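Take a look at the structure set out below.
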Amino acid sequence: MTVFALVDANNFYVSCERVFNPRLEGVPVGVLSNNDGCFVARSNELKALGVKMGEPLFKVRDLIRRHNVRVLSSNYALYGDMSARIVDCLSCFTPDIEIYSIDESFLDLTGMEHRDLIEYGQGIRATVKRWTGIPTCVGIGPTKTLAKLANFAAKKALIDGTSVCDLRDQEVRDKLMTRTPVDEVWGIGRRSAAKLTALGVHSVADLRDMDTKRARSLLTVTGERIIHELRGMACMSLDLLEEPQKGLAVTRSFGQPVIGKDELLSALVTYVTRAGEKLRRGGLVAGHMQVFARTSPFRGDPPYSGSGQASVSPATDDTFELIGHATRILDRIWKPGFRYAKAGVILTDLTPRGQAQPSLLDRRDTDRSKRLMAAMDAVNSGMGRGTIRPGMASATKGWGMRQESRTPAYTTQFADVPVVRA
DNA sequence: TCTGGGGTCCTAGGACCC
DNA sequence: TCTGGGGTCCTAGGACCC
């Protein structure tokens, strides 16, 4: 019998901000997506005001002002670093960890059943809180799906209000599932929930008791697997080894609509440059590139979405080669007269650099390219991203990201380290 | 004026092969 | 009038996740 725990940070981005600014405690706080567009993290106080996940900022301006909500731009340097610190804490409890997302990890507790796992979970929470300042909840169950559900219950204080919930017990599970709506299940999104509701499947218990064949025809094998997991039969194991990444994307909405081709190109070159950095950091080369540019679906502008692709052969991590491909793709998809709102580059067919298929016809000076890229990366990591960049990337105008209230990179930039006076 | 970004997995359908 | 069957591979699109 397997036992999994899911450790999930509470309102993670908000909690990170609160660690460095205690004045944010006890008041409504929200963190915005890129471009200061939508809320992607909310404190409990903000949730209580009815602001939903993904709510666009401009739609709730009034409410924000009335309740003096603290609104922050997202600070990924901070959140990424805090996330790594939490994983370090968890590593002290077990080596069997799957880092599931920036604020969630699964732990394999199989074989620890002789211990009081609620107490163990409390120990994890206390350690993470003491060492990083971040509050978490712990969900425990015989399958990943049940550990997820347990975590949900812990967050909502549905079982005993202790922020740790153990769903190994059948009766506890029954009770929770009967009163939990089906769309709270991990893997049941809006579409599937609508299909299920139409068939009279409303609660998690209803889904658990559904005929698996029926579920499969409605929701494919994913749905069938979820039902088995809800019944306590583990279908998913922990991914302890990091799987090689399959694709990589850099896409952004513009701060203002882009009309000219040069401007669009300079945005794309900036994104491709960033994509190249990500490739090299991961020791990867890309064999395929997709580029897209589109108008806004919200503004009522004439719609256009252009997208084109190219195979990158031989596969490369050289920013300038990638820019060449992107430029040619843009030439094919560019249409004048539209107000472009977003563009991006997606790299796929990723392989580890050493493993890439070499080509007999390859006449590139790869050694020179490698040295140039290494030099650029060294300068930019030491002096800040974009210190050295391709010339075409420099024509930043209105497309640059809006970030009106980003907090300092407290933990990753020396200049931003907080000063304590005593 | 202002509506995120970056991933994974699954399936259907087309192309191709013998 | 007749028009196979079965396999693989690839891609686009849908759904979901945080």
Side-chain angles (χ1 to χ4, degrees), chain A residues 6 8-13 30-42 51-62 64 71 73-76 79-80 83 98-106 144-145 148 151-152 155 182-196 215-226 235-236 239 242-257 271 274-275 278 282 287-288 290 292 294-301 305 307-309 311 339 341-350 398 401-404:
Chain A
L6 177 69
D8 188 325
N10 303 347
N11 315 331
F12 181 53
Y13 298 170
V31 175
L32 299 172
S33 63
N34 274 341
N35 253 324
D36 291 348
C38 317
F39 284 93
V40 292
R42 303 152 296 149
V51 173
K52 298 273 180 279
M53 182 71 175
E55 180 90 65
L57 170 65
F58 75 93
K59 285 193 176 173
V60 289
R61 283 268 193 217
D62 269 2
I64 295 303
V71 177
S73 306
S74 37
N75 182 348
Y76 287 103
Y79 312 149
S83 172
E98 174 187 340
I99 302 170
Y100 177 66
S101 77
I102 195 165
D103 74 329
E104 280 173 78
S105 290
F106 284 102
K144 284 171 117 176
T145 305
K148 265 281 199 185
N151 197 287
F152 166 79
K155 280 242 160 66
V182 70
D183 63 347
E184 298 294 349
V185 174
W186 187 37
I188 301 296
R190 232 187 33 216
R191 303 294 181 126
S192 304
K195 286 184 196 168
L196 289 167
R216 185 173 184 144
S217 70
L218 192 73
L219 309 172
T220 79
V221 296
T222 329
E224 188 180 355
R225 192 163 53 214
I226 289 171
C235 304
M236 288 180 274
D239 296 325
E242 207 173 323
E243 294 292 313
Q245 198 178 3
K246 300 187 170 169
L248 174 167
V250 179
T251 71
R252 294 276 181 283
S253 296
F254 303 134
Q256 281 173 30
Y271 303 163
R274 180 77 193 109
K278 287 184 174 184
H288 190 88
Q290 191 182 340
F292 72 89
R294 64 165 175 77
T295 54
S296 168
F298 302 109
R299 306 170 50 109
D301 289 343
S305 178
S307 139
Q309 36 196 317
S311 59
R339 295 161 57 80
K342 179 176 181 171
V345 56
I346 299 156
L347 301 176
T348 47
D349 278 8
L350 305 187
M401 239 194 325
R402 266 192 314 275
Q403 282 208 315
E404 287 180 4

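A note on names: the letters A, B, ... follow the listed sequences, proteins ahead of strands, and every chain is numbered from 1. As the structure is a computational prediction, the values presented were derived from the model and not from experiment.
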Could you state the atom-to-atom distance from [atom1] of [X] to [atom2] of [N] in whole Å?
{"X": "A:R402", "N": "B:dG5", "atom1": "CZ", "atom2": "C1'", "value": "15 Å"}
{"X": "A:M236", "N": "C:dC16", "atom1": "CE", "atom2": "C1'", "value": "12 Å"}
{"X": "A:I226", "N": "B:dT8", "atom1": "CD1", "atom2": "P", "value": "19 Å"}
{"X": "A:D183", "N": "C:dC18", "atom1": "CG", "atom2": "P", "value": "12 Å"}
{"X": "A:L218", "N": "B:dC10", "atom1": "CG", "atom2": "C1'", "value": "15 Å"}
{"X": "A:Y100", "N": "B:dT8", "atom1": "OH", "atom2": "P", "value": "12 Å"}
{"X": "A:F152", "N": "C:dC17", "atom1": "CZ", "atom2": "P", "value": "13 Å"}
{"X": "A:K195", "N": "B:dC10", "atom1": "NZ", "atom2": "P", "value": "15 Å"}

[X] side chain, from C-beta outward: closest of [options]:
{"X": "A:P56", "options": "B:dG4, B:dG6, B:dT3", "result": "B:dT3"}
{"X": "A:T220", "options": "B:dG6, B:dT3, B:dT11", "result": "B:dT11"}
{"X": "A:R225", "options": "B:dC10, B:dG7, C:dA12", "result": "B:dC10"}
{"X": "A:R252", "options": "B:dG6, C:dC18, B:dG4", "result": "B:dG6"}
{"X": "A:C38", "options": "B:dT3, C:dC17, B:dC10", "result": "B:dT3"}
{"X": "A:N34", "options": "B:dG5, B:dT3, B:dG7", "result": "B:dG5"}
{"X": "A:Y76", "options": "B:dG4, B:dT8, C:dA12", "result": "B:dG4"}
{"X": "A:W186", "options": "B:dG6, B:dG5, C:dC17", "result": "C:dC17"}
{"X": "A:Q245", "options": "C:dC17, B:dG7, B:dG4", "result": "B:dG7"}
{"X": "A:A249", "options": "B:dG4, B:dG6, C:dC18", "result": "B:dG6"}

Exercise for the section: Take the angle between the ring planes of A:F106 and A:W186 and call it parallel below 30°, perpendicular above 60°, tilted in between. Expected result: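 Judged by the thresholds at 30° and 60°, the geometry between A:F106 and A:W186 is tilted.
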
Problem - Pair partner, B:dG13 [Watson-Crick or wobble, under 3.5 Å] - result: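 B:dG13 is paired, partner C:dC10.
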
Under 4.0 Å: is that the gap between some side-chain N or O of [X] and OP1 or OP2 of [N]?
{"X": "A:K246", "N": "B:dC9", "result": "yes"}
{"X": "A:S192", "N": "C:dC16", "result": "yes"}
{"X": "A:K342", "N": "B:dG5", "result": "yes"}

Handout entry: Heavy-atom check, side chain of A:V31 versus side chain of A:F12, under 4.5 Å
Key =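 No. Closest side-chain heavy atoms not under 4.5 Å.
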
Problem - Distance in Å, A:C38 SG paired with A:M53 CE, rounded so as to fall on 0.5 Å steps - result: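 The distance works out to 9.0 Å.
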
Practice task
Please state the P separation for the pair C:dT3 and B:dC17 - nearest whole angstrom.
Solution key: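 One P to the other, the span is 24 Å.
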
Practice task
Inspect the surroundings of CD1 in A:I102 and state if more than 12 heavy atoms from other residues, nucleotides or ligands are less than 6.0 Å away.
Solution key: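 Counting other residues, nucleotides and ligands, CD1 of A:I102 exceeds 12 neighbours.
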
Problem - Salt bridge A:E98-A:K144, side-chain N to carboxylate O under 4.0 Å - result: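 Yes.
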
